Amino acid sequence: MRPRFSCSSENIAELNPLLSKKSVTLRARNLNPEPIKVNDKAGNPVLIGMVLVWKLEDTYKALFEIDSQSLAPVVTTTARGGVIRSLSQAFENFVRVQSDAALRQVAGCYAYDNADSADELTLRSNAEEINERLVKTLNDRLSMAGIHVVEARINYLAYAPEIAAVMLRRQQADAIIAAREKIVDGAVSMVKMALDKLKDEGVVDLDEERKAAMVSNLLVVLCGDEPAQPVVNSGSLY
């Protein structure tokens with residue numbers, strides 16, 4: 001008589017993994033990790049964070065390429081819900097690690113801000129271009145595991161605390177210089193318009209010395225920070 005052996009479904013799965021079943025979800029999921037500190041293209045430390053939407057596209061790659069035993073926490077229960085949670089946690093941990101590496105890679109290729117060249121892409125001024133490259137980099141890294149990134153966007157960007165005060169003063173200085181340049185351009189145009197109008201309408205005939213004095217006074221009035229104090233000249237202009 002042949003001996004009889006009884007094998008449960010768990011024993012069969014251990015003997016032949018191809019006969020086991022694992023439930024995974026194909027729904028889209030969000031990942032919003034904490035901002036990380038990276039060095040931009042100029043070497044300045046910045047804090048940058050992102051939010052991404054990802055989902056499984058190839059379950060075969062996801063189950064066989066990702067080491068779920070080391071990435072997922074130990075699950076004591078054998079219920080089906082526990083297995084799903086452990087696998088989902090493994091996938092999320094894998095996406096989290098790869099997204100951190102991709103964000104560091106992309107952020108290191110661009111400067112936070114570049115006031116010297118308006119044509120150069122920067123993290124602060126060219127968000128759409130940076131997001132497109134971030135999505136491409138993430139998909140290149142995650143495609144090996146059957147994971148597809150639907151959308152990824154930078155949601156936080158700031159200088160690191162150790163240089164934030166210095167960079168703020170630099171931005172303020174750049175803004176002051178730009179404002180002064182605009183004020184001077186406008187003042188010169190107004191002075192030229194005033195001299196031409198006086199000459200064309202024959203209001204007064206000024207020699208070069210008087211013109212220079214008038215230009216100086218008008219520029220002081222138009223470019224000064226404080227309100228001008230009027231002085232009445234009761235004598236002759238000549």
Side-chain angles (χ1 to χ4, degrees), residues 35-51 103-137 151-238:
I36 60 176
K37 182 186 293 187
V38 300
N39 291 332
D40 65 355
K41 185 178 180 181
N44 298 319
V46 298
L47 295 176
I48 185 171
M50 70 172 179
V51 59
L103 183 58
R104 293 180 184 274
Q105 177 183 348
V106 173
C109 297
Y110 302 94
Y112 178 92
D113 194 6
N114 190 0
D116 299 331
S117 176
D119 299 332
E120 184 178 357
L121 297 180
T122 61
L123 296 173
R124 189 173 69 92
S125 303
N126 304 97
E128 292 298 329
E129 292 82 354
I130 305 301
N131 292 333
E132 291 177 2
R133 179 167 181 178
L134 183 59
V135 171
K136 182 179 183 304
T137 304
E151 183 183 15
R153 290 186 175 275
I154 295 176
N155 63 346
Y156 184 86
L157 181 64
Y159 281 114
E162 56 266 26
I163 66 168
V166 177
M167 291 302 177
L168 178 60
R169 288 197 296 268
R170 192 190 72 173
Q171 292 177 354
Q172 291 174 345
D174 293 338
I176 291 173
I177 292 174
R180 286 294 181 184
E181 290 178 352
K182 191 173 186 64
I183 290 173
V184 170
D185 290 340
V188 171
S189 300
M190 294 174 67
V191 171
K192 183 177 182 298
M193 180 180 64
L195 292 175
D196 293 340
K197 197 173 183 80
L198 290 173
K199 181 179 179 180
D200 295 340
E201 296 184 3
V203 176
V204 63
D205 189 11
L206 301 175
D207 57 10
E208 296 300 326
E209 182 179 356
R210 296 292 182 179
K211 286 183 181 180
M214 182 178 179
V215 169
S216 177
N217 293 334
L218 288 176
L219 289 177
V220 169
V221 172
L222 296 173
C223 299
D225 293 330
E226 300 295 334
Q229 298 294 331
V231 177
V232 177
N233 186 4
S234 60
S236 174
L237 185 61
Y238 296 97

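All figures in this text were calculated on a predicted structure; none of them were measured in a lab. Each residue takes its place number in the sequence, starting with 1.
In this structure, Glu120 and Asn126 approach most closely via the heavy-atom pair O-OD1, 3.9 Å. Considering all non-hydrogen atoms of both residues, Ala152 and Val135 come closest at N-CG2, 3.5 Å. Contact record, Tyr112 with Val46: CD1-CG1, 3.8 Å, taken as the closest heavy-atom pair. The nearest pair of heavy atoms linking Arg133 to Cys109 is NH2-SG, 3.5 Å. Across all non-hydrogen atoms, the minimal contact from Val38 to Ala107 is CG2-CB, 3.7 Å. When all heavy atoms are compared, the tightest approach of Asn131 to Ile154 is OD1-N, 3.1 Å.
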message = Is there a side chain to side chain contact (heavy atoms under 4.5 Å, CB included) between Arg153 and Glu128? Walk through the geometry before answering.
response = CA-CA 8 Å; Arg153 290 186 175 275; Glu128 292 298 329; 3.4 Å; yes
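Asp113 contributes atom CG, which lies 10.0 Å from atom CG of Asp40 (distance to the nearest 0.5 angstrom). Distance check: Met50 CE to Leu134 CG gives 5.5 Å after rounding to the nearest 0.5 Å. Taken to the nearest 0.5 Å, the CD1 atom of Ile48 stands 8.5 Å off from the CD1 atom of Ile130. Note that CZ of Arg124 is 9.0 Å distant from CG of Leu157, once rounded to the nearest 0.5 Å. Rounding to the nearest 0.5 angstrom, the gap separating the CD atom in Glu129 from the OG1 atom in Thr122 is 9.5 Å. Atom CG in Leu47 sits 5.5 Å away from atom OH in Tyr156 (nearest 0.5 Å).
Ion pair Glu162/Lys37 flagged as a salt bridge, since at least one NZ, NE, NH1 or NH2 atom sits closer than 4.0 Å to an Asp/Glu carboxylate oxygen. Remark: Lys136 does not engage Glu132 in a salt bridge, criterion side-chain N to carboxylate O under 4.0 Å.
Residues satisfying the salt bridge (Lys or Arg N to Asp or Glu O under 4.0 Å) criterion with Lys211, sequence neighbours excluded, are absent altogether.
The main-chain N or O of Ala212 is never found under 3.5 Å from a side-chain atom of Ser216 such that the two would form a donor-acceptor pair.
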